[in-house]
There are 4 protein chains.
Amino acid sequence: MSDETVDEQIMTAVSDALQSNGYAALTMQDIADESEKSKSLLHYHYDTKEDLLVAFLDQLLTDYEQRIACRSDQPPEQRIVDFVARFVLTPEDDDRAAFHLALLEMRSQGPFNDRIREQLHRSDQLLRETAGDIIADGIEAGVFETVNSERTAALLIAALDGARTRQITLGDANTIALDGMELTYTRATVEEILSQILEPILAEECSLPSLEATLAELDREA
Amino acid sequence: MSDETVDEQIMTAVSDALQSNGYAALTMQDIADESEKSKSLLHYHYDTKEDLLVAFLDQLLTDYEQRIACRSDQPPEQRIVDFVARFVLTPEDDDRAAFHLALLEMRSQGPFNDRIREQLHRSDQLLRETAGDIIADGIEAGVFETVNSERTAALLIAALDGARTRQITLGDANTIALDGMELTYTRATVEEILSQILEPILAEECSLPSLEATLAELDREA
Amino acid sequence: MSDETVDEQIMTAVSDALQSNGYAALTMQDIADESEKSKSLLHYHYDTKEDLLVAFLDQLLTDYEQRIACRSDQPPEQRIVDFVARFVLTPEDDDRAAFHLALLEMRSQGPFNDRIREQLHRSDQLLRETAGDIIADGIEAGVFETVNSERTAALLIAALDGARTRQITLGDANTIALDGMELTYTRATVEEILSQILEPILAEECSLPSLEATLAELDREA
Amino acid sequence: MSDETVDEQIMTAVSDALQSNGYAALTMQDIADESEKSKSLLHYHYDTKEDLLVAFLDQLLTDYEQRIACRSDQPPEQRIVDFVARFVLTPEDDDRAAFHLALLEMRSQGPFNDRIREQLHRSDQLLRETAGDIIADGIEAGVFETVNSERTAALLIAALDGARTRQITLGDANTIALDGMELTYTRATVEEILSQILEPILAEECSLPSLEATLAELDREA
DNA sequence: AATGAATGAGTTTTCATTCAT
DNA sequence: CATGAATGAAAACTCATTCAT
């Protein structure tokens, strides 16, 4: 805790304050309260509230980008399952849900704020390229049949992002029944993506790694 | 224009103000400026800002629900194409994009506001039921193969909602190439849904109506 | 009192607050305290502190200009004595001293603020023209010998303004002895101007009206 | 440069900061920015901002007093021309104008601040005594006719100070025409003082040194 | 029904000052 | 000596809400 740099402390405080208050109602005082620092100190490090929030978004997205990029040593079929599995939010993932909610609020500020919009663009680019590259690699490796990798990636991401948005905005009550189990919206969507989008394009003799195992693996890493 | 009731005028003003300022920065003065009325009058009709916004969201979703529900006299394969086609946003649809952006901002307020959350729930329920019902009707009518209608609907909606969110937050620059044409994110996603999700579950001898024609038809209605 | 308009009340409050605090230390709260209104109301009537102060300066100078301009029906020798007599500040003139002190502070803001500078220019122009015109009229009427009216006016005003500045910044302690009486700096300077600058340029047979009588007259008017 | 003591550096920084920002808007940070030192260091040397500014004013006035006092070995008629010539500000004298503007702002703080007022008094005393003494010396030496030296000095200084105030607050645009040349307000006033106040009191056979030559001489010294 | 005037509570931001190093 | 970090108090300004008319 106390070995965090001040900047890290502030970023943590922004994150906590966003989770408690939401973006629209967020005040500098809220952030100061979450850190153990004064409002003045926030202004000492960041000239304006906007500067602070832009810095926060930057750090957020940079972290996110790093998480997306890892595990690139795996075969394509594992990487694509990894990719989609990372979108699964369990009801216990309070922090991650809050994080994505905050991100969603900032995303909706994009059209009103150039600096935010640029950051979002950068990050979106990476997300789509990553998914597209994995699929393209899979085609080249003979794991997937020949499909338009870019468009398949676009569909994938739309579904994953949409499921996540719905889950975090509507709450976990919003579940989907599968074989008697109640799945979160993201979990159910990942299952559907695997069975209705990715399995149909698998080459003969190929199979996807187990989602269950992949989720367990990701859990272990975290 | 002038035969609008005051309430209608106010609702229009809220909509306009949201489009100009976004939810986070929206003030009562902004709304008053968009109407030709005074701030005081807004308070005369709605006790608090929250009351006004909840009323606005209610009206918004009610309108939306009515639009979803219509054309129920059509056969299932037409109704499902109708359903997905309604999500397509062209670059010219400035107003609708702004509308959905405002809605997105309000959606992200759900977790912080019970009254907003309830409304969102109600509307989401309807959306998923509608899609599920159309697919279930199609199965019963022998147009679709037997699939889990609820889960397919969930995937559909996740993808449609996600595509729309990405399009409105990232701007129309964010396009997807198809056969040399540049499609908006929503349009491309609808195409993918049709070819990768709906066509594969069509019964033999069955086909989907043309998206092009359906879009033209919806356009005519509006 | 209570029949003042709100704007008048605010202007009075600015004046009072300036006298108590000086320009450099003046806050909106100070002004609100002097009026019986809230800070918010000041912002309701004037968007910014600068707007308020510019409006105040405008009113100040406009009033001042009107005072300068009056009594224009008199002969030139009376008008010039009037003109210089108006600069005399007695030790009892607390309000007027405070007023000119506030004005002095605002004058020193001119180089930093375009809007203030413009107002000062306007007013200065008038002051010099008025003095110059009186002298020119006097020359034409044969009351004064032929001198450069513009330059004589410049000297006159420099001395009058300088004397006033010294009196208000250094306090009334700063007096000048004349025939056993202690005169304020402005009073002494006016006497000197009359005897050393104006009397020497009087045409033969002409004389200046009594300062004493003129001061009494101005007093009666006020 | 680097052989300045820290105190000298700080005084220079105060002067620079005053010229850039004016007294009313001056902050400790502004001063720190002009020096290459930190805000903290300013407080290490001067407990409070007021202490610093009072010290600055003290140094300012002390310097000024020394300049007034010099050249006391000259004959009275040269010394009085010297005295008035020192008030001339050419349009090129940016620094001196800024300096006097800062001083003017501090002068207008006198009524609100005892420590500042005392300093101003001290300095004003000296100024008037110096002028009075030169004239008294001139009378004794038979250069000037017998006049009230104190009162003539008061008029002189009022005019000189007033001209300077007007010139620095209204800008150099505020010129006065003389024989086709545009003179600054201070220059024109000095000319008028020489011809209308000092020359009339010269004893027979006496004449004043040339202003032109005196200005050149002062320039050389600086 | 409608509004201009008014305000209190709160927002971002500023700034002189302090303190640990 | 010197500084970066930190803060409390107060600054300008905002805004939902109220009230008299």
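Sequence lines set the chain letters: A, B, ... in the order given, protein chains first and strands last, and positions in each chain run from 1. Basis for what follows: all heavy atoms, side chains included, without hydrogens, waters or symmetry-related copies.
- Each of C/L41 and B/E36 has a nearest nucleotide on DNA chain E; the 5'-most of these lies closest to B/E36.
- Annotation: the span from D/L104 atom CG to D/L101 atom CG amounts to 6.5 Å, rounded to 0.5 Å.
- Base pairing of E/dT21: its partner is F/dA2, meeting the Watson-Crick or G-U wobble criterion (both donor-acceptor distances under 3.5 Å).
- Near DNA chain E, meaning a heavy atom under 4.0 Å from it, residues 49-58 of chain B has no residue at all.
- Under the 30°/60° scheme for interplanar angles, the aromatic rings of B/Y64 and B/H100 are found to stand perpendicular.
- Taking atom CG of A/D7 as the reference point, atom C1' of F/dA5 lies 12 Å away to the nearest angstrom.
- Separating the NE2 atom of D/H43 from the P atom of F/dT3 is a distance of 14 Å, rounded to the nearest angstrom.
- Atom pair D/M28:CE and E/dT18:P shows a separation of 10 Å (rounding to whole Å applied).
- Considering every non-hydrogen atom in both A/A13 and A/E34, the closest pair reads O-CB, 3.7 Å.
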*What do the steps show when you test C/F99 against C/I168 for side chain to side chain contact (heavy atoms under 4.5 Å, CB included), and what is the final call?*
CA-CA 10 Å; C/F99 161 92; C/I168 62 183; over 6 Å; no
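- Each of D/H43, D/M11, D/H45 was checked for a side-chain contact (heavy atoms from CB on, under 4.5 Å) with D/L52, and the lone residue meeting it is D/M11.
- Using a 4.0 Å heavy-atom criterion, one finds that A/T27 contacts the sugar-phosphate atoms exclusively.
- Here the C1' atom of nucleotide E/dA5 and the CD atom of B/Q29 are 13 Å apart, to the nearest Å.
- Pairing each heavy atom of C/L120 with each of C/G110, the nearest pair is CD1-CA, 4.1 Å.
- With hydrogens and angles ignored, no donor-acceptor pair under 3.5 angstrom links the side chain of B/S38 to the base of E/dG4.
- A sub-4.0 Å separation between OP1 or OP2 of F/dC1 and a side-chain N or O of D/H45 is absent.
- Considering only side-chain atoms of B/Y44, the nucleotide from E/dA1, F/dC13, F/dA16 that sits closest is E/dA1.
- Between B/A25 and D/L42, the one whose closest nucleotide on DNA chain F sits nearer the 5' end is D/L42.
- The interatomic distance linking D/K37 (NZ) with F/dC1 (C1') rounds to 9 Å, in whole Å.
- In the set E/dA2, F/dT14, E/dT13, the nucleotide with an atom closest to the side chain of B/V6 is E/dA2.
- The base-pairing partner of E/dG10, taking Watson-Crick or G-U wobble contacts with both distances under 3.5 Å, is F/dC13.
- From A/L60, atom CG reaches atom CE of A/M106 across 8.0 Å, with rounding to the nearest 0.5 Å.
- B/L26 comes within 4.0 angstrom of sugar-phosphate atoms only, judged by non-hydrogen atoms across all strands, and of no base.
- In this structure, B/L42 CG and B/D51 CG are separated by 12.0 Å, a value rounded to the nearest 0.5 Å.
- Scanning residues 111-118 of chain D for heavy-atom distances under 4.0 Å to DNA chain E yields an empty list.
- Across B/L57, B/L53, B/I116, a single residue satisfies side-chain contact (heavy atoms from CB on, under 4.5 Å) together with B/Q109, and that is B/I116.
- To the nearest angstrom, C1' of E/dA6 lies 11 Å from CD1 of C/I10.
- Scanning atom types as modelled, no donor and acceptor separated by under 3.5 angstrom connect the side chain of D/K39 and the base of F/dT3.
- The two atoms that bring D/H121 and C/L170 nearest to each other are NE2-O, 2.9 Å, heavy atoms only.
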